[in-house]
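Inspection log for the structure reproduced underneath, given as structure tokens.
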There are 2 protein chains.
Amino acid sequence: MVTVDGMALGKDYVTQECSIARALEVVGERWTLLVIRDALYGVRRYNDFLVHLGIPRAVLAARLQTLTAEGILDKRRYQESPPRDEYVITDRGIALWPTLRSLGLWGREHFGETQLRSFRHIACDTELGTYGECPACGTAVPVQDVVMVPGPGLHPDPADPISRILLKPKRLLEPIEQPAAADPV
Amino acid sequence: MVTVDGMALGKDYVTQECSIARALEVVGERWTLLVIRDALYGVRRYNDFLVHLGIPRAVLAARLQTLTAEGILDKRRYQESPPRDEYVITDRGIALWPTLRSLGLWGREHFGETQLRSFRHIACDTELGTYGECPACGTAVPVQDVVMVPGPGLHPDPADPISRILLKPKRLLEPIEQPAAADPV
DNA sequence: TGAGCTGATTCAATGAATGAACCTAGGATG
DNA sequence: CATCCTAGGTTCATTCATTGAATCAGCTCA
């Protein structure tokens, strides 16, 4: 009885009359924002989230279910046989980009040594500002017009395949390319 | 031995090479962002956080300690006899305002029925944009130039005294006025 | 037939959150 | 001087969530 009925769970910030509290009821649990970050990076499959995040399977399953129920991810079938589903970020999830961008920038400015990734406006190759806007163009940049470019601080040879794919510049939202039935040496 | 030594605790997003993960190690625990929100609203005292948040005492004590250790709050003595301390938000904490603003806006847009609070640029009385900028002036608004104005959705007669104080428009960062040794009726 | 892949669920052990009770120091009251 | 009050905590038993290992189910492929 793991329950699907309602409960955003894990909290009752309930007494709080505050949109921030409301938001945190939905995305404030451990791992949740990292799942959404990965979804913005183009991760869509259970296994890809699993290896990239290093999250316990049970927790991942629970988070994907909640996020789907809240309309932040959309669970859709991408092949019939064998039946396989993927979790694709929705507009509601994409709308969290400014939050994640500013949170990441804060983390980098206050706790990061070297730059790990740069997010740039694809049209003019300018690093985005605090909330994801383009300082050069002076406009908000739609998430699909953002490229994530690896920075110097990144480990050059990560263990999991998703991190390895993310070593190359990549547009946000664009799905992770699935390794074509590897054929290693 | 509750430990003061190091551990940001609660997680090891450790494997994640990501500024967002780094940030969440610091502010990603339950209650933490709400404590910071309150600190931006001008809450400074243990008891005020306690009654306004409805947070368990032990958790509040732990969060205040961590946030102080991380340089987000500054614990300072405000009277000697009897000795009393208050927790004042630092620049590092203030730098989380764009994150909280965008998170709150997301919560309101996607899960709020009515507007609870409006945040406005004090100079021109314009509601702030996604990350706390002023759409009218086209500039980033320093947090101390923001007024929080209660909206129609707010409960008119809240139980705790801090919520009651926050029923009136109030500048961010400005300390909560302490009730002058009440003298009711 | 069996080995492998994807997407999970179950379970025992651990670790945090909760809420009530208690503690402490310094006033203030009578 | 005894008592009460306040601010700011700590302690503790219970509950709840997270963890990581093991297992499972449906399907394909050789």
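Below, read A as the first sequence line, B as the second, and so on, with proteins coming before strands; counting in each chain starts at 1.
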Practice prompt. May I ask you to list the residues of residues 75-88 of chain A, by number, that have any heavy atom positioned under 4.0 Å from an atom of DNA chain C?
Written response: Lys75(A), Tyr78(A), Arg84(A), Asp85(A), Tyr87(A)
Discussion item. With side chain to side chain contact (heavy atoms under 4.5 Å, CB included) as the test, pick out the partner of Leu73(B) among Leu64(B), Val88(B), Ile36(B).
Written reply: Leu64(B)
Practice prompt. Could you check how far CG of Asp48(B) sits from C1' of dA7(D), rounded to whole Å?
Written response: 10 Å
Worksheet item: Can you check the Tyr46(B) OH to dC23(C) P distance for me, whole Å?
Response: 16 Å
Worksheet item: How close or far is atom P of dG9(D) from atom CD1 of Ile55(B), stated in whole angstroms?
Response: 13 Å
Discussion item. Nearest whole Å is fine: how far is dT10(D) P from Leu64(B) CG?
Written reply: 10 Å
Fill in: Closest nucleotide among dT18(D), dG8(D), dA8(C) to the Arg30(A) side chain
dT18(D)
Worksheet item: Is Trp31(A) near enough to dA17(D) that one of its side-chain N or O atoms lies under 4.0 angstrom from OP1 or OP2?
Response: no
Discussion item. Distance check needed: dG20(D) C1' versus Leu60(A) CG, whole Å only.
Written reply: 14 Å
Worksheet item: Closest nucleotide of DNA chain C for Asn47(A) versus for Pro56(B): which of these residues is on the 5' side?
Response: Asn47(A)
Discussion item. To check you understand the geometry: which heavy-atom pair defines the closest contact between Pro98(B) and Thr130(A), and what is its length?
Written reply: CB-CG2, 4.0 Å
Response to the item:
Taken to the nearest 0.5 Å, the spacing of Ser19(A) OG from Phe119(B) CZ works out to 8.0 Å
Worksheet, complete the sentence: To the nearest angstrom, the CD-P distance between Glu29(A) and dA17(C) comes to 12 Å
Item to complete: Establish, yes or no, whether the cationic atom of Arg63(A) lies under 6.0 Å from the six-membered ring centre of Tyr87(A) and within 45° of the ring axis.
Response: no
Fill in: N/O (side chain, Arg63(B)) to phosphate O (OP1/OP2, dA17(C)) under 4.0 Å
yes
Discussion item. I'd like to check the side-chain contact (heavy atoms from CB on, under 4.5 Å) partners of Ala95(A); sequence neighbours left out, ordered by chain and number.
Written reply: Trp106(B), His110(B)
Worksheet, complete the sentence: The nucleotide from dG20(D), dT18(C), dT10(D) with an atom nearest the side chain of Ala58(A) is dG20(D)
Worksheet item: How long is the line joining CG of Leu50(B) and C1' of dA20(C), in whole Å?
Response: 13 Å
Discussion item. How close do Leu50(B) and Ile55(B) get, counting heavy atoms only, and between which atoms?
Written reply: CD1-O, 3.4 Å
Pair up each side-chain donor or acceptor in residues 136-159 of chain A with any protein partner under 3.5 Å, not counting sequence neighbours, and list the distances.
{"residue": "His155(A)", "atom": "ND1", "partner": "Asp157(A)", "partner atom": "N", "Å": "2.9"}

Worksheet item: Going by modelled atom types, is there a donor-acceptor pair between the base of dG8(D) and the side chain of Arg57(B) at under 3.5 Å?
Response: yes
